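Letters A, B, ... mirror the listed sequences (proteins, then strands); counts begin at 1. The model shown is predicted, which means the values in this text are computed figures rather than measured ones.
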Amino acid sequence: MEPSTNRQSTHSLRQIIGVTRMNLKGIPLRAGTSMVIVIGMAGVVGVMMAVLAMANGFLKTFSDSGHADRIIIMSKGSGNLGASNLTREDVATIVDAPGIKHDVDGKPIVSAETFAAIPVVDKKSGAEVSMTLVGVGPKSLQLRSELTIVAGRMYQPAVHELVVGQMAQQRFKGLNVGDTVQVLDSQWRVVGLFAGNSKLFESSIITDNETLLSAYRRNSFAGVMALLESPAAFKTIKDSLTSNPTLQIEVQREDEYFAKSSQWMTGMLNRIAYLIGGIMAIGALFAALNTMYAAVSARTAEIATLRAIGFGATPVVVSIIIEAVLLALLGAVLGIAAAWLLFDGNAIRIGNLSLQQVITPALALRGVLLALVIGLLGGILPAMRAARLPVADALRAV
Amino acid sequence: MNYFRLIWSGLWRKPMRTVFTLLSIVVAFLLFGMLQGVGSAFSEARGRQHLDILVTNARFYMDMPYSYYDRVKSIPGITGVAYQLGGGGAYGDGKNGFGGPATDPALWFAVGPQYQMPKEQLQALINTRTGVAVSVALAKKYGFKIGDKFTLKMRIPKTDGSTDWSFDVVGIFDNVEDPGSGEFMVWNYSYLNEARADNKNTLGRLTIRIADPDKATTIARDIDALFASSGVPTSTKTEKEFSNNQLQQIGDVGFFTKAIIGAVFFTLLFLTGNTMMQSVHERIPELAVLKTLGYSDTRVGLLVLAESTLLCLLGAVLGLCATLFVFPLLRQFTGLGGLPIEVITLGLGIALLVALLTGLLPTLRVARMQIVTALNRH
């Protein structure tokens, strides 16, 4: 009996649905092998989510802290604040530029800053890392209005006093209000803590800029941070400052500067996620192929019967692919859920930086797409084999 | 009875299934090898302990005055001191860069005998002001040979105002404790100090060899006490403490890596176990026949266990071999030359464990099954 090959398309669709339903109903019978795809995909997607969440968390640490209406002014060609150097004359010229927001007292909301580092000890691991100590201007808390003093008080100028970011105080020893910290050859006192939804700033210590300059015997600043009247004022101030022949500086928005700073690490972490995920995906693909070939093999008689009674090759192929894809998707969902439960919000410390793993819907989507691809690839070859089964031989093999 | 042939043919009963399972195992062990290899770079100091070496840096991440070297030299119990200041910059189109310690080469190689180079090359480095010795890894990366010249664009301006520093390759050295590791160069402090425009006579680090390792802590304290109330206090640690601390800073990453390895193997266990169960299930009648012929329960059970062991070991060996090839390519991230041996031994151990775990259930089943019931199934 010839299998009909010239059915109408609606009949084809009905055939596809019919065979697929039959397939899916049979999955519990093949629970063991089917679980192989599910668990395999769960593992791949779970691991990928966890590593991507790390990259995401690292990015967020920086992007959450940068604002579009704040700018960073550094010396030209320095690339980062560590290499930048501005003289007092430079700073005096910069703070008078148009576009900077002024406070109620008529003064520009800016902070001329200088950087130092002190060794601190991690409470959990005992590791010694370097903590950033920033000498900030008197209006630094107006500049970074998201930050407030949450314990103790602000430092007084010309005295050796420090205000510690809350994340730093929580993570490292000896940074509580009232503790003393050695900076160079003298003891400085912690008089307050600040916080404000910024992992980046909260992982540092601030003090008065002039006090820090004199302690380190410096007479120039690393950079000037300023608050703009509005994000749109960026062009105004940039044009004004760069066209000034007495200044050799570069101006950047704070959020763009932070984005660039985190680029290398974020890119690296993303690459690692895809490398590990890719290798695991290959392993999962083998697992999927295993399962689907076994599924086809176990149902040789079934498939042959279907073909013998007139079902076309296409419905058989499509139904097998759908089965593979659905199992893979189930695995992906499990993997995403597991990763979310175990890793979302988990803190990872790298050096003096803390990041929090964050799993977002966008990330989950990538896991789902991977599952789709693997399900497809894992289903196609076995499906083709099923379609090409010589009907008579297959029936005999029962 | 050729057991091996029996086991081998049992494995290849369904070739495609075995191949896919084998490949999954290979992938799992490749991943294990890479992650564990990288992880071991994060969790242990490499090479010998060097208990007789101290490292002095400025406590507040600055440069130290050159005079510190002279003062440390004369402390009792110290047999050798090398000073250095790190310097490096962009090479070529600016996308690449490298650097290394500017030092007194004779002192540096004396205090760090794990770095070795032919005597004549060391002498050439001492005699050539702009001379530089590059590590084997660095030479390999950029194709440097003795006699080559190159320029680095550094952030340190010279007295003539330019930032281009030129070098002559006069030597190639390697770390015999971790061959092929570390991409850096060693050059002359005299060149750096004389040619630089400002910040002269500053040092980044002192590396100190002491006569008696037991005195390490006291000598370290003495050194720091010397400079405690100066403008640049120091922090002196044993070399072991120093490198352990650097590794501890990324401890969370190490833990995370282990978690991933765990996830990979859990997934793998499931896959392999499932395959073994299936494979055994299909052959129950044959195994029953073997029992009928007189083979003991134990022997038949062991046959099954041997099969799973062979599969796992084969996959593990292939996967670890693949790692051996791939790992040196990751040198950029790990700073290691080759895959540490303990990764391979650990991998094989884990392979045996996986074999045991996945083979256990089928083995017990086969060992305990009644011949009559089994044959009846057919």
Non-hydrogen side-chain atoms of B/L35 and A/I276 separated by less than 4.5 Å: yes
B/K200, NZ: over 12 other non-hydrogen atoms inside 6.0 angstrom: yes
Portion of A/M35 that has a non-hydrogen atom of chain B nearer than 4.5 angstrom: both
Point-to-point distance, once rounded to the nearest 0.5 Å, from CE of A/M54 to CG of B/D252: 9.5 Å
Student check: side-chain heavy atoms of A/I348 and B/F255 closer than 4.5 Å: no
Partner chain B: residue of A/D122, A/I282, A/L133, A/V183 with the largest heavy-atom pair count (under 4.5 Å): A/V183
Residue A/R385 excluded, over 12 heavy atoms near CZ under 6.0 Å: no
Other residues, nucleotides, ligands: >12 heavy atoms within 6.0 Å of A/K123 NZ: yes
Option that, when pairs with chain A are counted at under 4.5 Å, heavy atom only, ranks first among B/V264, B/T267, B/N245: B/N245
Selection from A/S130, A/A83, A/A116 maximising heavy-atom pairs under 4.5 Å formed with chain B: A/S130
Side chain proximity check, B/M62 to A/Y216, heavy atoms < 4.5 angstrom: yes
A/S354, part contacting chain B, at a heavy-atom distance under 4.5 Å: neither
Heavy-atom contact with chain B under 4.5 Å, split by part of A/V47: side chain
Aromatic plane relationship, B/F20 with A/Y293 - under 30° parallel, 30 to 60° tilted, over 60° perpendicular: parallel
Qualifying residues under side-chain contact (heavy atoms from CB on, under 4.5 Å), relative to A/A324, sequence neighbours excluded: A/M292
Contact class of B/A263 relative to chain A, heavy atoms under 4.5 angstrom: side chain
CE (A/M384) with more than 12 external heavy atoms under 6.0 Å: no
Results of side-chain contact (heavy atoms from CB on, under 4.5 Å) for B/L361 - residues two or more places apart only: B/M277
Positions in residues 37-46 of chain A that reach chain B, provided some heavy atom is under 4.5 Å away: A/I39, A/G40, A/G43
Top of A/V51, A/I350, A/L289, A/L285 for chain B proximity - count of heavy-atom pairs under 4.5 angstrom: A/L289
Which portion of A/A284 sits near chain B, non-hydrogen atoms under 4.5 angstrom: neither
4.5 Å side-chain heavy-atom contact, B/M34 and A/I279: yes
A/S297, part contacting chain B, at a heavy-atom distance under 4.5 Å: side chain
Listed once per pair and sorted, the side-chain hydrogen bond (donor to acceptor under 3.5 Å, both in side chains) pairs that draw on residues 272-290 of chain A, sequence neighbours left out: A/Y274-A/R366, A/N290-B/T21
Residue pair A/F286 / B/S24: nearest heavy atoms and the distance that separates them: CB-OG, 3.4 Å
B/F227 versus chain A, the contacting section by heavy-atom distance below 4.5 Å: neither
Exam field: side chain B/Q249 to backbone A/E128, donor-acceptor pair closer than 3.5 Å: yes
Heavy-atom contact with chain A under 4.5 Å, split by part of B/R155: side chain
Interface residue of largest heavy-atom contact number with chain B, from A/R217, A/K124, A/M280, under 4.5 Å: A/M280
Atom pair OG/CG of B/S230 and A/L184 - distance to nearest 0.5 Å: 9.0 Å
B/A58, part contacting chain A, at a heavy-atom distance under 4.5 Å: neither
B/F266 CZ: over 12 foreign heavy atoms closer than 6.0 Å: no
